[in-house]
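Here the structure comes first, spelled out in structure tokens, and everything after it is commentary.
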Amino acid sequence: MTIIDVINKKRLNMELSREEIEFAVNGYVDGTVLDYQMSSLLMAIVLNGMTTRETIDLTDVMLNSGDRIDLSSIDGIVVDKHSTGGVGDKVTLVLAPLLASLGIKIAKMSGKGLGHTGGTIDKLESIPGFDTKISLDKFIKQVNDINIAIVGQTGNLVPADKKIYALRDVTGTVESIPLIASSVMSKKIASGADIIIIDVKVGSGALMKTLESARELSNMLVKIGEYYKKPTVCIITNMDEPLGYAVGNSLEVIEAINTLKGNGPSDLLEVVITLCSIIIGAVKKISNTEAKELLFKQLNNGEAYKKFEQLVISQGGNLDLLTTSNKVFSIKSDKAGYINKIDALKLGEIAKKIGAGRNTLDDEIDYGVGIVLNKKVGDYVEVNDELLKVYLNEKDISMGEIISCYKIEDERKEPNDLILDIIK
Ligand code: URA
């Protein structure tokens with residue numbers, strides 16, 4: 001077998017065998033398959049897709065490329081949550097301590113942000129001192145002691161995905177259901193949790209642009225979960241506008257803290273409560289209504305925030321030192337009307353440009369910069385009402401570019417629903 005045979009087979013839209021997938025993936029990891037050959041195969045997969053069997057084999061081959069984490073020494077059911085990536089998506093920062101405050105074990109390995117979407121690790125690292133690289137022993141001990149630990153992806157976990165994802169990122173081969181599903185699930189299975197819950201984002205700021213493709217991805221994620229006997233639930237949520245008001249690392253931590261104290265924006269709260277009530281319902285065997293009551297109680301009585309503080313202190317962070325950039329500009333509306341659109345993708349790109357995100361995994365992040373919306377889709381604005389604030393540091397920004405993210409019209413369009421489907 002040669003790699004050219006494998007590429008040609010997929011180019012002709014034929015089903016690859018397990019051996020052919022192993023040959024390509026393992027060869028790419030050990031360097032015998034070259035970047036341009038793997039790019040060619042990836043593009044053939046983007047264009048022709050993969051069957052469920054091929055996608056499960058691809059997941060399994062990637063999973064076997066590195067270590068798997070053994071969480072069996074953690075008492076109780078361990079939950080992992082993942083998002084396919086959005087703008088202003090600080091759900092994990094709220095959901096993880098909220099669930100941990102109710103006794104659920106959260107052993108979470110999170111990623112750094114890439115492109116226009118942010119990453120939980122960058123957000124946590126905006127808290128001075130917060131160590132996202134604690135040892136596996138400390139990680140497990142911390143989950144046993146306080147129910148929660150969040151770390152970056154360590155050493156040799158799915159090295160095949162690390163290498164293939166970096167290549168996909170620069171070869172236009174990210175948007176593919178089998179490639180996304182195998183990338184996400186190989187990491188989730190390797191991370192060792194018992195229950196996997198995935199927030200599949202759909203809309204202008206997300207990888208999946210249509211509800212139909214988000215459903216297709218969710219079905220594939222659930223099937224892979226079934227194969228590994230790991231209950232997997234996907235919720236499909238709208239990402240046409242940023243989630244909440246803040247975009248940018250420390251700004252998002254501040255919004256998450258407010259939400260943990262019971263003062264969160266309604267859209268962020270809706271996603272958090274929907275995800276958490278599914279998990280609480282499944283683990284504690286209680287109804288959805290009882291689960292929701294319990295969750296709101298934890299937000300309003302300070303327990304959820306206390307758990308977040310415990311997490312931060314345990315990993316060396318100091319919330320008193322959390323800062324945002326002090327060069328703040330207010331952007332005003334140049335017309336009156338209803339905000340019918342705030343382009344999440346464009347705003348995410350702007351936030352990245354001013355330093356809140358990175359183009360390559362080695363880029364430095366400017367933690368204090370970002371954007372805080374003052375109005376959301378569906379709101380009415382007068383001329384000169386503030387649309388948003390921009391927090392800048394070294395890089396500058398064109399006001400026209402920001403204004404072009406908004407569609408302000410005389411007639412109000414009903415905003416899209418936030419929770420679009422739940423697939424399990
Ligand atoms: N997140 C991942 O981990 N992998 C993808 O391919 C896309 C989003």
Side-chain angles (χ1 to χ4, degrees), residues 21 25 28 38-39 41-43 45-47 49-50 54-56 58-63 65-66 69 80-87 89 91-92 108-123 150-154 157-193 196-210 213-225 228 230 232 234-237 239 243 344-345 348 352 357-361:
I21 293 170
V25 172
Y28 186 55
M38 195 61 186
S39 315
L41 178 61
L42 290 168
M43 187 54 85
I45 294 172
V46 169
L47 297 175
M50 275 184 146
E54 282 176 299
T55 309
I56 291 176
L58 177 58
T59 309
D60 206 50
V61 171
M62 297 219 291
L63 173 65
S65 70
I69 306 233
D80 195 355
K81 175 259 169 191
H82 185 83
S83 160
T84 57
V87 178
D89 181 1
V91 169
T92 297
K108 175 101 186 79
M109 300 221 164
S110 287
K112 288 182 167 186
L114 198 58
H116 71 280
T117 64
T120 300
I121 288 304
D122 301 320
K123 294 169 203 191
I150 307 181
V151 292
Q153 238 139 50
T154 49
L157 208 72
V158 200
D161 179 64
K162 223 174 253 173
K163 201 166 171 191
I164 292 172
Y165 194 84
L167 185 66
R168 286 170 58 207
D169 203 45
V170 292
T171 55
T173 52
V174 170
E175 273 105 336
S176 149
I177 286 170
L179 295 180
I180 296 172
S182 55
S183 162
V184 169
M185 290 305 279
S186 57
K187 286 177 290 200
K188 294 295 102 184
I189 304 297
S191 303
I196 299 164
I197 180 138
I198 303 176
D199 183 359
V200 176
K201 301 282 183 199
V202 61
S204 81
L207 284 179
M208 296 291 110
K209 304 293 181 208
T210 66
S213 62
R215 283 202 176 109
E216 205 183 315
L217 173 62
S218 302
N219 280 318
M220 187 58 81
L221 293 164
V222 169
K223 274 187 203 157
I224 300 173
Y228 289 100
K230 300 276 186 186
T232 301
C234 293
I235 79 160
I236 301 178
T237 62
M239 187 33 78
L243 192 62
L345 175 61
K352 183 180 78 176
R358 54 168 74 77
N359 284 312
T360 77
L361 280 173

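Read the numbers this way: they start at 1 and go in the same order the structure lists the ligands and their atoms. Just so you know, these numbers come straight off a predicted model, no measurement behind them.
Looking only at side-chain heavy atoms (C-beta outward), Val222 and Cys234 come within less than 4.5 Å of each other. No side-chain heavy atom of Lys352 sits under 4.5 Å from any side-chain heavy atom of Val87.
Remark: ligand 1 and Thr84 share no N or O pair separated by less than 3.5 Å (distance only, no angle test). The distance criterion of under 3.5 Å between nitrogen or oxygen atoms is met by Lys187 with respect to ligand 1.
At a heavy-atom cutoff of 4.0 Å, ligand 1 is contacted by no atom of Asp161, backbone or side chain.
Screening residues 175-187 for salt bridge (Lys or Arg N to Asp or Glu O under 4.0 Å) gives Asp161-Lys187 as the qualifying pairs, with residues at least two apart or on separate chains.
Counting protein heavy atoms only, atom 5 (C) of ligand 1 is closest to Tyr165 CE1, 3.2 Å. What sits closest to atom 1 (N) of ligand 1 on the protein, heavy atoms only, is Val184 CG2, 3.9 Å. Of the protein's non-hydrogen atoms, Leu207 CD1, 3.7 Å is the one closest to atom 8 (C) of ligand 1. Among all non-hydrogen protein atoms, the one lying nearest atom 4 (N) of ligand 1 is Ser183 OG, 2.6 Å.
Gly152 approaches Ile121 most closely through the heavy-atom pair N-CD1, 3.4 Å. In plain terms, the two heavy atoms of Met208 and Lys201 that are nearest each other are CB-O, 3.7 Å.
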(request) For side-chain contact (heavy atoms from CB on, under 4.5 Å), just list the numbers for His82 and Thr92, CA-CA rounded to whole Å, side-chain angles, deciding distance to a tenth of an Å, and then say yes or no. (result) CA-CA 8 Å; His82 185 83; Thr92 297; over 6 Å; no
